[in-house]
**Student:** 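To start, I am sharing the structure in question, which I have written as structure tokens.
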Amino acid sequence: MAIKQIISPLPGTFYRKPTPDAPPFKGDGDAIAAGDTIGLVEVMKSFHEIQAQFGGKIVKFLIDNEEPIMAGQPIAEVEV
Amino acid sequence: MAPIKTLLIANRGEIAVRIIRAARELGIRTVQVYSAADSNSLAVKLADAAVNIGPPQAAKSYLSIDAILAAAREAQADAVHPGYGFLAENADFADAVEAAGLIFVGPPGSVIRLMGDKAAAREIAARAGVPTVPGSDGRIDAPEEAREVAARLGYPVMIKAAAGGGGRGIRIVNDRAELDRLAPQASAEAKAAFGDGGLYLEKVIERARHIEVQVLGDGHDVVHLFERECSLQRRRQKVWEEAPAANLPDEIRARLCACAVQLAQAVSYRGAGTLEFLYDEATRDFYFIEMNTRIQVEHPVTEFVTGIDLVREMIKIAGGEKLSLRQTDIRCIGHSIECRINAEDPAKGFMPSPGVVSALRIPGGPGVRFDSMLYAGYAVPPFYDSLLGKLIVWDENRAAAIARMARALGEFEIEGLKTTIGLHQALARDADVRALAFDTKFLERWLEANSSQLA
């Protein structure tokens, strides 16, 4: 078992939910497949979905909902 | 009201810089609020003082009424300028500023609230004798009523949410079957989004131009500063604006501006405001759509053709002065064009492009103005609007102004980011743009047809 990180390609504000009232896309411990959306990054008022590049099991999110994020910053650790 | 001594600027970016400049010329001390992402902003550097109001996210800083009022107290400000966007059209903010014993540079909260309610604004316009887009009288209650109204207006019609705004919940239907199918959906969506499922219908004005009128009021008198042409839009965002609307017949211009003054007078308007209209070139009809109760991004084109400093005037009015301008003193001379320079990549679907401005060469020479917060080495943060600045030119007539804009754009260099400069260069060359042969849908059609020019 190896641990890989999902990296944000964009800077901005990170969201774990599609809308404020909705449940998070994914949580710690969830299984994910390549292509699954795990969050949104808002860059200059435009929203971009962040997709997992690989499948596995999310060990933990490294960033909270509505927190600032830099390009290249890890979003989550995934056991692959 | 006493003249303003210390002005808090409750905004950021280029408009904050614009307000600081106007206030300083009036001898007013300026205090700039800033988020953690904006500590190196030009506005912070230029202001007399600056107050940190929180983290980068706008909801926790520039949209926080509590944080801004606390900053105003700390800075001992006696007035607050909201700029545009953020809290500029938030009636509760205007009320809270006044309740704190401060001057809000703009109209009273009650006027902001009234004009922010689309159905109410339509009613005020109708009572003031100002044409509105033909539609239902208020809300539609039953499907049969919707069918009757739609048949009377003629398809296509727009279904709009009575409580809506910002283009949300709008559906265009082409026939009765679509109306029957989409009206319940629109109502459910409006109920979910606004807590009010009320709908009304409006006729779709095909091939309309967006023309708006600038007004200034002091709570008693209102004057207009002529019109702007803002039809070149992408996703309802203006991209290129002009003053005046060249080729508008004089008789139409006179009626349009008179209507704007009537409507602003009907609410005893105070401050700078804009009344937006759709203009149907074929029938020469115009229709009021909404009023913006604040300074607008594109105000410099009006300043260029009238020689009047709108931001200075709105601060003086807020300080209790009467309008110093009479309508007969206000003239529109020559032609002005503004290009919005955004940190976006037009070749990649206008993908935002924040980052560090590694090199900067700003155009200059006669009739050229650049309103911006850029400087070489500035890191454009990813948290806010993509507007980097506005390149504005003036010349004797529209053709000369376009030539001057093309010349100025050619001098422009912003390195380190993708920008919309190339898009504006292509628009300045375009035969239809030069001929003023466009409507509000033109730019999106143009972008589809000309994507190769933008690579």
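Side chains included, hydrogens not; waters and symmetry mates left out as well; all remaining heavy atoms used. The chains referred to below are lettered A, B, ... by the order of the sequence lines, with proteins before strands, and numbering in each begins at 1.
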**Student:** Show the nearest heavy-atom pair for residues P381(B) and M44(A), with the distance to one decimal.
**Tutor:**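 For P381(B) and M44(A), the tightest heavy-atom pair comes out as O-CE, 3.6 Å.
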
**Student:** Please rank M70(A), E66(A), H48(A), E67(A) by heavy-atom pairs under 4.5 Å with chain B and give me the top one.
**Tutor:**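 Max contact count across the listed options: H48(A).
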
**Student:** More than 12 non-hydrogen atoms from neighbouring residues, nucleotides or ligands closer than 6.0 Å to NZ on K390(B), yes or no?
**Tutor:**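 For K390(B), atom NZ is crowded (more than 12 foreign heavy atoms under 6.0 Å).
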
**Student:** P56(B) versus chain A, heavy atoms under 4.5 Å apart: side chain, backbone, both or neither?
**Tutor:**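 When you check distances to chain A, only side chain atoms of P56(B) fall under 4.5 Å.
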
**Student:** V43(A) and P352(B): which non-hydrogen atoms are nearest, and at how many Å?
**Tutor:** O-CG, 3.5 Å

**Student:** About how many Å separate NZ of K45(A) and CZ of F383(B), when rounded to the nearest 0.5 Å?
**Tutor:**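 F383(B) CZ to K45(A) NZ: 15.0 Å, rounded to 0.5 Å.
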
**Student:** So L10(A) and P382(B), do their side chains get closer than 4.5 Å, heavy atoms only?
**Tutor:**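 No, every pair of side-chain atoms sits at 4.5 Å or beyond.
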
**Student:** Would you say Q185(B) has more than 12 foreign heavy atoms packed within less than 6.0 Å of its CD?
**Tutor:**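 Yes, because the 6.0 Å sphere around CD of Q185(B) holds more than 12 heavy atoms from other groups.
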
**Student:** Please classify the contact between A343(B) and chain A as side chain, backbone, both or neither, with a heavy-atom cut-off of under 4.5 Å.
**Tutor:** both

